[in-house]
Number of protein chains: 2
Amino acid sequence: MIRYSLRQLEYFVLAAGEGSVVKAAERLNVSQPSVSAAIGKLEDQLGVQLLIRHHAAGVSTTPAGAQVLSQARNLLQHANELQDLAASTSQEITGEVHLASFVTLAPLFLPGLIDGFAVDYPGSRVHIHEATQEHLIDGLRRGRFELALLYDVDLPEDIETVALTQLHPYVLLHATHPLLKHDDVSLKDLEDEPMILLDVAPSRTYFLGLMRAAGVEPDIAFSSPSMELVRGLVGKGHGYSLLATRPHGDVTYDGEPLGVRPIRGPVETGRIVLASLGKLRPTRLMQVLTAYCVQHFEDKRNQ
Amino acid sequence: MIRYSLRQLEYFVLAAGEGSVVKAAERLNVSQPSVSAAIGKLEDQLGVQLLIRHHAAGVSTTPAGAQVLSQARNLLQHANELQDLAASTSQEITGEVHLASFVTLAPLFLPGLIDGFAVDYPGSRVHIHEATQEHLIDGLRRGRFELALLYDVDLPEDIETVALTQLHPYVLLHATHPLLKHDDVSLKDLEDEPMILLDVAPSRTYFLGLMRAAGVEPDIAFSSPSMELVRGLVGKGHGYSLLATRPHGDVTYDGEPLGVRPIRGPVETGRIVLASLGKLRPTRLMQVLTAYCVQHFEDKRNQ
DNA sequence: TCTTTACATAGTCAAAAACTATTCAAATTG
DNA sequence: CAATTTGAATAGTTTTTGACTATGTAAAGA
């Protein structure tokens, strides 16, 4: 337990520095007895006499007071630094911010996003996290990151969002698949094909929902949480898959060519949002990063 | 101006560390709302949200809160060190103490004194100052040193003293002086001799007072504040001197032999005391050093 | 000697911080 | 899945702290 206050220390340091309680009081814009009392109390609480009072001739430090004085100056500087740190995290456009992303979205969007941001705000540092939807929400709530890029699906009420873009789901087929003859593919046409399901919440529910909306019961041959594994299986001809994010170059990790076709008819698109915890007051850097994300996706759409 | 308190920081650090306001309150022996309110206020004053409150699941730090937390831990440790420093200067027998001495007494007494003290209290450090009576009193008042070894002559009321020893004044003559035939010397016998006066307050007044008390008007040939210069002049046969402190070996700096004889009849002795400022509350080390001085001079007398 | 200076003390009042009791929402349990 | 428990926030009250004005006091200085 600390038995003194920073205010007492401030009064003491100034009075000792000026050699005068009156001058210290003037500089602090408080009354002389306030300073006097604060120092007296500080002495009681520390159990040492810090100042020698002279009549009509100010004060001087005792040898013990001189030792405390230099330590106290140090401590006050330290205390000011802490205040500055806090001020800068809430006000300035410097500091650190933790941005998380849903796994499948991360490699597609984050590199371009943080790249441009780092150029515009060189004093900032953006930390990247990848997680499943569930962990993203948990992480926001526990303060592991301030912002998360994810699908606007089944988000609880305490999570606030800003819309960024929409992703149109598509059908992924191996390069020699007969359905690639058409410009688009009806989900009905896939009824008798084996499906490779990307098994990550909320994608799983989303894709299965698309199938059910089209009145099709999918035949799930494989499922995996890894998009690259799904793409690999499709590439080897084990079935089709539905995906929303689309890596550049329709080729699997092991070099198999893939084919892509839009889904025929109206489909529910995947709404990508930037989420944060509603009860978390945003720092300045958070606000700037949010605005930057919105702008970034707007620019992309207009290209 | 610092806008937060160490108490708020303590509450925050403990709550963040425990992940729980309730547990922090228990460990601090205060009520839960007190901790809650203190942290809320701290957040207002720093302008940053530090904790995320969960219902029925404690609290977690925001990323900004985590930064503040580590700084705050640091600051609190620093604050505790300051308190410990103060406690040790007033309680423990370690630390620093400044001991001053009247110039003529210093070379005679201080070496043996601080030598033994340093052995008994290895954690302590005694700083030595030498000054005239006037400067000693001023130094005590201004806090340049806590203790001073000096003559108990004309001391103001605000100076407190502890008696240490008495010095018997003696007559200093050059080695071939005829008065050395006698076992002691009457001051009357010096009436027609030139006097070399040690001109330092309060010695000057003291020695002149001795002469006047014996009904002798001294013929002052030379005067100097330096005892060694006085001894040198006596050694060269320029006159006699009266002194109280007596260096070992009655020889001047330049090798002239000296003779010493006590004063015949009753004389006022020089009372050596250890002085301190009455309004200065003594630190532990001061008390110990004072006691040590008393003991040291007692031992000397009993040898 | 008289005035000025500068710190301490006394007494009052407002702000801060502590407490108890209660509320509220999520997590846990039967 | 309703009931209970948990843990933080809020409301209202009391105590403590700190600031103020006015006054006292003793040394410094004119």
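Letters go in sequence order (proteins before strands), and every chain restarts at 1.
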Hey, what are the protein-to-nucleotides 24-30 of chain D N/O distances that come in under 3.5 Å?
residue, atom, partner, partner atom, Å
D:dA26, O4', A:H55, ND1, 3.4

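Nearest heavy-atom pair, A:P218 versus A:M211, reported as atom, atom and distance to 0.1 Å: CB-CE, 4.0 Å.
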Can B:T161 and B:L274 be said to form a side chain to side chain contact (heavy atoms under 4.5 Å, CB included), step by step?
CA-CA 5 Å; B:T161 62; B:L274 190 63; over 6 Å; no

A:Q71 and B:H78: CA distance, side-chain angles, deciding distance, side chain to side chain contact (heavy atoms under 4.5 Å, CB included) verdict
CA-CA 9 Å; A:Q71 276 266 41; B:H78 199 153; 3.6 Å; yes

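What separates CG of B:L14 from P of D:dA8 is a distance of 12 Å, to the nearest Å. Summarising the geometry, the separation between CD on A:Q45 and C1' on D:dT17 is reported as 11 Å, rounded to the nearest angstrom. We find that CZ of A:R142 is positioned 13 Å from P of D:dG7, with the value rounded to whole Å. Taking atom CG of residue B:L51 and atom C1' of nucleotide D:dG7, one finds them 13 Å apart after rounding to whole Å.
To the nearest 0.5 angstrom, A:L150 atom CG is 12.0 Å from A:R271 atom CZ.
Side chains of B:H129 and B:S101: no donor on one and acceptor on the other come within 3.5 Å.
Other residues, nucleotides and ligands contribute over 12 non-hydrogen atoms within 6.0 Å of the CD atom of B:Q166. B:D154 CG: 12 or fewer foreign heavy atoms inside a 6.0 Å radius.
Side-chain contact between A:E146 and A:L99 is absent, with no heavy-atom pair separated by less than 4.5 Å. Between A:P63 and B:E96 there is no side-chain heavy-atom pair separated by less than 4.5 Å. Side-chain atoms of B:V35 and B:F12, non-hydrogen and from C-beta on, never get closer than 4.5 Å to each other.
Helix bend of the helix from C:dT1-D:dA30 to C:dG30-D:dC1: the angle between its two end axes, each built from five pairs, comes to 30° after rounding to 10°.
Residues from residues 21-34 of chain B placing a heavy atom under 4.0 Å of any atom in DNA chain C, listed by number, are B:N29, B:V30, B:S31, B:P33, B:S34.
Scanning for ring pair (Phe, Tyr, Trp, His ring centres under 6.0 Å) contacts around B:Y206 gives an empty result, with sequence neighbours left out.
Between B:Y11 and D:dA8, a side-chain N or O to OP1/OP2 separation shorter than 4.0 Å is absent.
Of the charged side-chain nitrogens involved, at least one lies within less than 4.0 Å of a carboxylate oxygen, so that B:R53 and B:E43 count as a salt-bridged pair.
Identified under the side-chain hydrogen bond (donor to acceptor under 3.5 Å, both in side chains) test for residues 2-16 of chain B, with sequence neighbours left out: B:Q8-B:Q45.
Mapping B:K41 and A:S36 onto DNA chain C via the closest heavy atom, the residue that lands nearer the 5' end is A:S36.
The footprint of chain A on DNA chain C, defined by a heavy-atom cutoff below 4.0 Å, extends from C:dT5 to C:dT9.
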